[in-house]
Amino acid sequence: MRVLSVFGTRPEAIKMAPVISELSRRAIEFDSRVCVTAQHREMLDQVLSVFEIEPEYDLDLMTENQTPAGMTASALSALDPVLTETSPNLVLVHGDTTTTMTAALAAFYRKIPVGHVEAGLRTHDRYFPFPEEMNRVLTDSLSTLLFAPTAGSKENLLREGAAPDSITVTGNTVIDALLDVASRAGPPATELPEGKRLVLVTAHRRESFGTPLENICRALLDVVESFPDVVVLYPVHMNPNVQRAARAILGGHDRIVLTEPLPYVEFVSLLKVSYLVVTDSGGLQEEAPALGKPVLVLRHETERPEAVGAGTVRVIGTEYDAVLGECSRLLSDASSYRSMAEAVNPYGDGEASGRIAAAILAHFEGAPFERPREFAPAGGAPC
Ligand code: UD1
Ligand code: UDP
């Protein structure tokens with residue numbers, strides 16, 4: 001059967017790479033094609049190169065400081081001819097970006113079934129994160145097959161009335177990607193001041209632009225001033241709204257290293273040697289706990305409650321006092337740090353892509369293909 005995977009941004013590419021690799025490996029069962037919208041350009045290309053993915057279609061849509069509405073309009077028009085030319089049995093999308101929602105809608109308009117990888121994540125607040133929460137809800141409604149990473153995300157889908165047999169709990173494909181990359185990641189190449197504790201930072205959410213992001217940056221500056229043995233590394237997202245704030249407030253300090261977005265292998269190398277992760281990223285909330293790294297989340301809510309429940313992730317908001325206070329506590333109180341530095345992995349076991357492939361075959365081909373056994377976390381860290 002023909003499967004067209006459509007994605008456009010860095011996190012989608014990282015999390016779809018193991019699925020594409022699985023479909024390609026099973027070439028007797030799947031004719032796997034890839035279309036990238038290139039909603040991201042450089043940040044997408046970094047990932048395509050790490051995982052050696054050569055898309056059949058590259059729509060090259062990114063423009064400077066684009067809006068969700070503009071990207072939706074251009075992706076919808078550009079995807080339609082790809083769908084008619086490829087005529088896939090299934091379109092696979094991932095996550096919650098503009099590309100995700102638009103590709104699902106474009107497929108629906110052609111009556112092509114959609115499979116949603118990372119289905120069912122919810123904050124239950126339509127404006128946080130914005131516009132991702134609504135993108136997820138819309139994509140799930142448009143999808144025939146729902147690949148929920150955890151039992152909690154399956155529960156969200158069932159509560160909204162999704163058909164139980166459309167849902168498979170697969171684990172998150174990010175753990176498949178992380179296991180692959182962590183095994184080949186050596187010591188980091190990035191030059192950092194020696195003998196310091198590394199605080200790894202990423203922040204890029206649209207709802208944080210302006211004052212919240214400025215508060216975060218000011219607090220990080222004061223963290224570094226308060227702890228002479230700390231170095232902050234912040235690979236700054238290419239969104240101009242993020243670049244402006246980060247470089248204006250954090251630039252020029254000898255223990256704050258601002259870099260371009262880093263290739264995934266290098267980023268995982270740094271994650272492995274980091275002391276603490278401070279982030280508003282979704283993927284990092286899943287990866288860092290698997291490596292036993294405490295995570296402070298620069299948001300007021302999360303759609304990933306599992307690691308919060310396990311005690312390794314704390315949602316701290318974006319206010320100056322909270323960011324400075326929570327970072328300082330973990331940097332000065334060894335027992336608070338130890339209680340969060342437990343390696344846990346509620347998000348996957350490295351087999352998510354295999355379950356997705358099996359669930360697709362069971363749905364479209366029937367016997368002898370069977371639905372896979374669902375993911376259930378075993379505890380402990382495989383990385
Ligand atoms: C998008 C997603 C967000 C995801 C994030 C991952 C939407 C609405 N948002 O946010 O869910 O968490 O990607 O990083 O889909 N840019 C570049 N080069 C790049 C990438 C971005 O220059 O490789 C700049 C461009 O000026 C671009 C801008 O960043 O217009 C914004 O990109 P966009 O994809 O619209 O939003 P993100 O903030 O990256
Ligand atoms: N990442 C990366 N290089 C970086 C920063 C992050 O490869 O410089 C990876 C990170 O490990 C994670 C993903 O990018 O897998 C997260 O992407 P992003 O923060 O852009 O999106 P989100 O997860 O918030 O949707």
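Both counts, for ligands and for their atoms, begin at 1 and track the order of listing. Here, residue 1 is the first one in the sequence, and each next residue gets the next number.
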[X] with [Y]: basic N within carboxylate O range, under 4.0 Å:
X: D176; Y: R355; answer: no
X: R136; Y: E133; answer: yes
X: D222; Y: R218; answer: no

(request) Using heavy atoms and a cut-off under 4.0 Å, could you grab the residues that are in contact with ligand 2, chain by chain, numbers ascending? (result)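 If the criterion is a heavy atom under 4.0 Å, then ligand 2 touches R10, P11, I14, H204, R205, P235, P261, L262, Y264, F267, S281, G282, G283, E287.
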
[X] side chain vs [Y] backbone, donor-acceptor pair below 3.5 Å:
X: R255; Y: F227; result: yes
X: T97; Y: T99; result: yes
X: T123; Y: F128; result: yes

(request) Ignoring angles and geometry beyond distance, decide whether T97 reaches within less than 3.5 Å of ligand 1 through its nitrogen or oxygen atoms. (result)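 No - when backbone and side-chain N and O of T97 are compared with those of ligand 1, no distance drops under 3.5 Å.
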
(message) Below the 3.5 angstrom mark, is there an N/O of T9, backbone or side chain, next to an N/O of ligand 1?
(response)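 No; every N/O pair is 3.5 Å or more apart.
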
(request) Measure up the H237 and H204 rings against each other and bin them: parallel (under 30°), tilted (30 to 60°), perpendicular (over 60°). (result)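 Taking H204 first and then H237, their aromatic rings lie parallel (interplane angle under 30°).
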
With heavy atoms only and a cut-off of under 4.0 Å, state how [X] meets ligand 1: side chain, backbone, both or neither.
X: P11; answer: side chain
X: P131; answer: side chain
X: P240; answer: side chain

(request) From atom 36 (O) of ligand 1, work out which of E64, E42, R206, Q243 has a heavy atom at the shortest distance. (result)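 Selected option, by shortest heavy-atom distance: R206.
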
(request) Check whether the ring centres of Y337 and Y275 lie less than 6.0 Å apart, and answer yes or no. (result)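 Judged by ring-centre distance (under 6.0 Å), Y337 and Y275 do meet the cut-off.
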
